[in-house]
Amino acid sequence: MLTHLSIKNYALINDINVTFSEGFTTITGETGAGKSILLGGLALALGKRADLSSLRNTEQKCIIEAEFDIEKYHLDRFFIKNDLDYEKETILRREILPSGKSRAFINDSPVTLDVLKSLGESLVDVHSQHQTLQLTENDFQIKVVDALAGNASKLKTYSENLKTFKSLSSQLEKLRDFQANSNKEQDYNTFLLKELENAALKTGIQEELESEHEALSNVEQIMALLSQGNQLLSDEQMGIMTHLTDLKRIFQNLATYGSSYEVLNQRIQSVFLEMDDISAEIENVRRGVEASPERLEVVNGQLQQLYDLLKKHQVGSVEALLGVKTELAIKVDAVENIESKIQEKEQELAQLVEELEQQALMIRDARNAVIPKLKSRLQESLYPLGMPSATFKIEINPSNTFKSNGKDDLIFLFSANKGSNYGELKKVASGGELSRIMLTIKSILAQYEHLPTLMFDEIDTGVSGEVSNRMGEIMQTMSHSMQVFSITHLPQVASKGKNQFKVYKEEREGNTSTQMRLLSEEERIAELAEMLGGKSLSDSALAHAKELLKQP
């Protein structure tokens with residue numbers, strides 16, 4: 001519920017700070033005092049767009065803060081989704097700068113105007129004669145029927161399945177489009193894939209081939225160098241192994257004269273063994289090296305194929321070619337298996353359609369079952385509101401398509417007078433009639449749903465005293481389970497409020513500003529008496545005002 005409202009530098013408002021309580025609150029004041037300005041300020045905090053004309057002083061910024069107790073609104077998911085800190089006492093703040101720029105905050109965290117508006121719609125529902133057109137919209141009408149029918153859980157399940165249905169339908173359409181377009185590319189992709197598969201690609205193959213090509217291209221020089229190395233090691237007169245053999249013998253003899261010589265002997269023995277192994281390895285390698293024009297030609301061919309593939313696919317490495325190969329394999333496999341995938345999706349979709357049909361039928365049955373009750377309650381409630389002959393024609397007709405709320409078309413027709421033809425609300429109901437119908441519907445909904453704070457803006461305009469008294473009673477009853485505000489010119493409605501605020505203009509130092517204050521008991525009597533009989537405050541008007549406040 002709305003607990004506090006602060007408005008600074010907005011239109012005729014210089015600085016207003018008001019605190020509200022639960023239950024039914026009425027707001028009164030003379031025409032032009034600024035009640036609509038107050039609502040306009042609140043609307044800004046709830047996400048309405050603004051411009052520089054909102055500023056009272058164009059050199060200072062406008063700041064509007066609306067504080068709400070949101071504990072009962074179950075908005076945890078909203079705060080998580082928008083990465084906001086959840087607070088039981090949540091503050092919506094709007095700033096309009098002299099530059100014309102606007103900033104929005106929720107609990108001091110900057111948010112977009114859309115996020116602020118989304119939260120605002122969950123917290124306050126404003127109704128005036130100009131805003132009752134919602135009543136004429138089919139989605140709202142069917143929402144009323146669903147509330148009475150207790151369809152919330154059914155609609156949630158249906159909605160989740162409908163979301164899956166739309167996703168599956170989209171996937172199936174993409175598969176069919178893919179199948180239609182990919183057949184042209186399939187042969188070429190298969191050719192490219194086989195070409196890459198025949199190249200026997202593997203990580204490091206380019207380096208291996210280039211190394212082997214280098215060796216085969218320089219085989220004569222390699223053989224000459226190996227022979228030189230072998231001669232240096234194995235020559236009987238001057239070879240390294242010959243000298244190492246003599247050195248090994250010398251230190252074998254020295255080793256008997258002390259441990260220090262033994263250490264040197266062991267190191268020389270190790271060197272001898274290593275060099276002997278190297279000598280044998282060089283000889284083996286030398287014997288294995290031979291010119292092979294045939295192999296060189298094969299390696300040349302493989303390298304050229306590899307370079308051609310790199311250029312063809314416009315990549316710079318074998319690893320990238322392997323990636324291309326994987327992508328081609330996926331495309332080829334997708335086309336080869338597309339028919340089975342399409343059949344699989346069609347089966348899933350058919351099963352889901354069957355479930356949706358059953359769920360839509362359950363929703364429809366619940367709606368049809370509750371419509372007589374809704375018609376009866378509407379007509380009974382409108383009778384004391386000056387519409388004794390009001391009747392409704394409400395019917396559910398099956399639709400051929402899945403809609404967001406089922407498979408139904410709603411016929412919601414109205415007749416205000418006996419013998420009159422039924423017609424759509426927006427065509428046959430007056431503004432005053434729409435206001436009373438909306439009030440009645442909201443009072444019914446309040447018994448089935450946890451509605452946000454309701455603010456009625458002069459919806460009682462143009463009705464008689466007795467009817468206005470009944471309208472006040474309806475709002476008063478609604479306030480037992482929710483917070484209700486009514487901006488009104490009628491004392492019968494104003495007197496029903498648990499609290500009453502007065503909006504008025506005040507002149508100071510040549511400047512006019514809108515003010516708002518909570519009325520005491522005595523001030524309420526005077527205000528109601530003035531609404532009844534004018535500023536003269538006659539004894540009869542005062543007595544009538546006191547009587548109105550005594551009514552339960």
### Message
For Ser513, is there any backbone N or O sitting under 3.5 Å from a side-chain donor or acceptor partner on Asn14?
### Response
no

#### Entry: Whether over 12 other heavy atoms sit under 6.0 Å from Asn421 CG
no

### Task
Report the distance from atom CD of Glu523 to atom CZ of Arg517, rounding to the nearest 0.5 Å.
4.5 Å

### Message
Checking side-chain polar atoms at under 3.5 Å, does Gln171 have a donor or acceptor matched by the opposite partner on Ser167?
### Response
yes

### Query
Do the ring planes of Phe392 and Phe414 sit parallel (below 30°), tilted (30 to 60°) or perpendicular (above 60°)?
tilted

### Task
Check each of Leu519, Leu518, Thr25 against Gln500 using the side chain to side chain contact (heavy atoms under 4.5 Å, CB included) test, and report the only one that passes.
Leu519

### Query
Would you say the side chain of Asn151 lies within less than 4.5 Å of the side chain of Val370, judging by non-hydrogen atoms?
no

### Carboxylate-amine/guanidinium contact Glu346 Arg176, below 4.0 Å
yes

### Query
Name the one of Asp146, Thr157, Asn405 that satisfies side chain to side chain contact (heavy atoms under 4.5 Å, CB included) with Ile363?
Asp146

### Message
For the backbone of Gln476 and the side chain of Ser479, can you confirm whether one donor and one acceptor N or O come within less than 3.5 Å of each other?
### Response
yes

### Message
Just so I know, are the side chains of Leu75 and Leu119 near enough to count as touching, which here means a heavy-atom distance under 4.5 Å?
### Response
yes

### Check ion pair Lys8-Glu65 (N to O, under 4.0 angstrom)
no

### Query
Under 3.5 Å, side chain of Arg524 to main-chain N/O of Ala545, donor-acceptor pair present?
no

### Query
Is any side-chain heavy atom of Asn107 closer than 4.5 Å to a side-chain heavy atom of Asp85?
no

### Query
Say you draw a straight line from CZ of Arg367 to NZ of Lys154; how long is it, rounded to the nearest 0.5 Å?
10.5 Å

### Query
Roughly how far, to the nearest 0.5 Å, is the CD atom of Glu395 from the NZ atom of Lys375?
7.5 Å

### Message
I'd like to know if the side chain of Ser118 reaches the main chain of Asp114, judged simply by a donor and an acceptor atom lying under 3.5 Å from each other, with no hydrogens or angles considered.
### Response
no

### Task
For the pair Glu348 and Leu172, evaluate side chain to side chain contact (heavy atoms under 4.5 Å, CB included) and give the outcome as yes or no after the intermediate values.
CA-CA 10 Å; Glu348 287 183 56; Leu172 181 58; over 6 Å; no

### Task
Kindly indicate, with the supporting measurements, whether the criterion side chain to side chain contact (heavy atoms under 4.5 Å, CB included) is fulfilled by Glu95 and Phe105.
CA-CA 9 Å; Glu95 297 180 358; Phe105 302 85; 3.9 Å; yes

### Lys117 NZ: over 12 foreign heavy atoms closer than 6.0 Å
no

### Summary
Test side chain to side chain contact (heavy atoms under 4.5 Å, CB included), reference Ile437, set Thr440, Ile441, Leu439, output is Ile441

### No-hydrogen, no-angle side-chain donor-acceptor test under 3.5 Å, Thr488 and Asp460
yes

### Query
Do side-chain atoms of Lys35 reach the backbone of Glu30 as a donor and acceptor pair under 3.5 angstrom?
yes

### Task
Please report the shortest heavy-atom distance between Tyr73 and Asp69, naming the atom on each side.
CE1-O, 3.5 Å

### Query
Ala149 and Ala366: which non-hydrogen atoms are nearest, and at how many Å?
CB-O, 3.5 Å

### Nearest heavy atoms of Leu116 and Leu44, plus distance in Å
CD2-O, 4.1 Å

### Which atom of Cys62 lies closest to which atom of Asn9, heavy atoms considered
CB-O, 3.3 Å

### Message
Using only atom types and a distance under 3.5 Å, with no angle test, would you say the side chain of Ser495 pairs donor to acceptor with the backbone of Gln492?
### Response
yes

### Main-chain N/O of Ala329 paired to Asp333 side chain as donor or acceptor, under 3.5 Å
no

### Message
Atom CD of residue position Gln515 - does it have more than 12 heavy atoms of other residues, nucleotides or ligands inside 6.0 Å?
### Response
yes

#### Entry: Short side-chain to backbone donor-acceptor contact, His4 and Phe20, under 3.5 Å
no

### Non-hydrogen atoms of Val124 and Leu46 that approach each other most closely
CB-CD1, 3.7 Å

### Task
Applying side chain to side chain contact (heavy atoms under 4.5 Å, CB included), run through Ile27 and Met516 and close with a yes or a no.
CA-CA 9 Å; Ile27 300 173; Met516 181 178 183; 3.9 Å; yes

### Task
Please determine if Arg377 and Glu380 form a salt bridge, counting it only when a charged side-chain N lies under 4.0 Å from a carboxylate O.
no

### Side-chain heavy-atom pair Glu357, Lys407 within 4.5 angstrom cut-off
yes

### Query
Is Ser415 reaching over with its side chain to a backbone N or O of Ser420, donor-acceptor style, under 3.5 angstrom?
yes

### Query
Does the Ser435 side chain pair with the main chain of Gly431, one donor and one acceptor, at a distance under 3.5 Å?
yes

### Message
Return the NZ to CD distance between Lys442 and Glu449, rounded to the nearest 0.5 Å.
### Response
8.0 Å

### Message
With rounding to the nearest 0.5 angstrom, report the CD to OG distance, Gln483 to Ser21.
### Response
7.5 Å

#### Entry: Heavy atoms of other groups near Asp83 CG, more than 12 under 6.0 Å
no

#### Entry: Minimum side-chain heavy-atom gap Leu38-Thr514 below 4.5 Å
no

#### Entry: Tyr86 OH: over 12 foreign heavy atoms closer than 6.0 Å
yes

### Query
Could you give the distance from CD1 (Ile142) to CG (Asp408), rounded to the nearest 0.5 Å?
5.5 Å

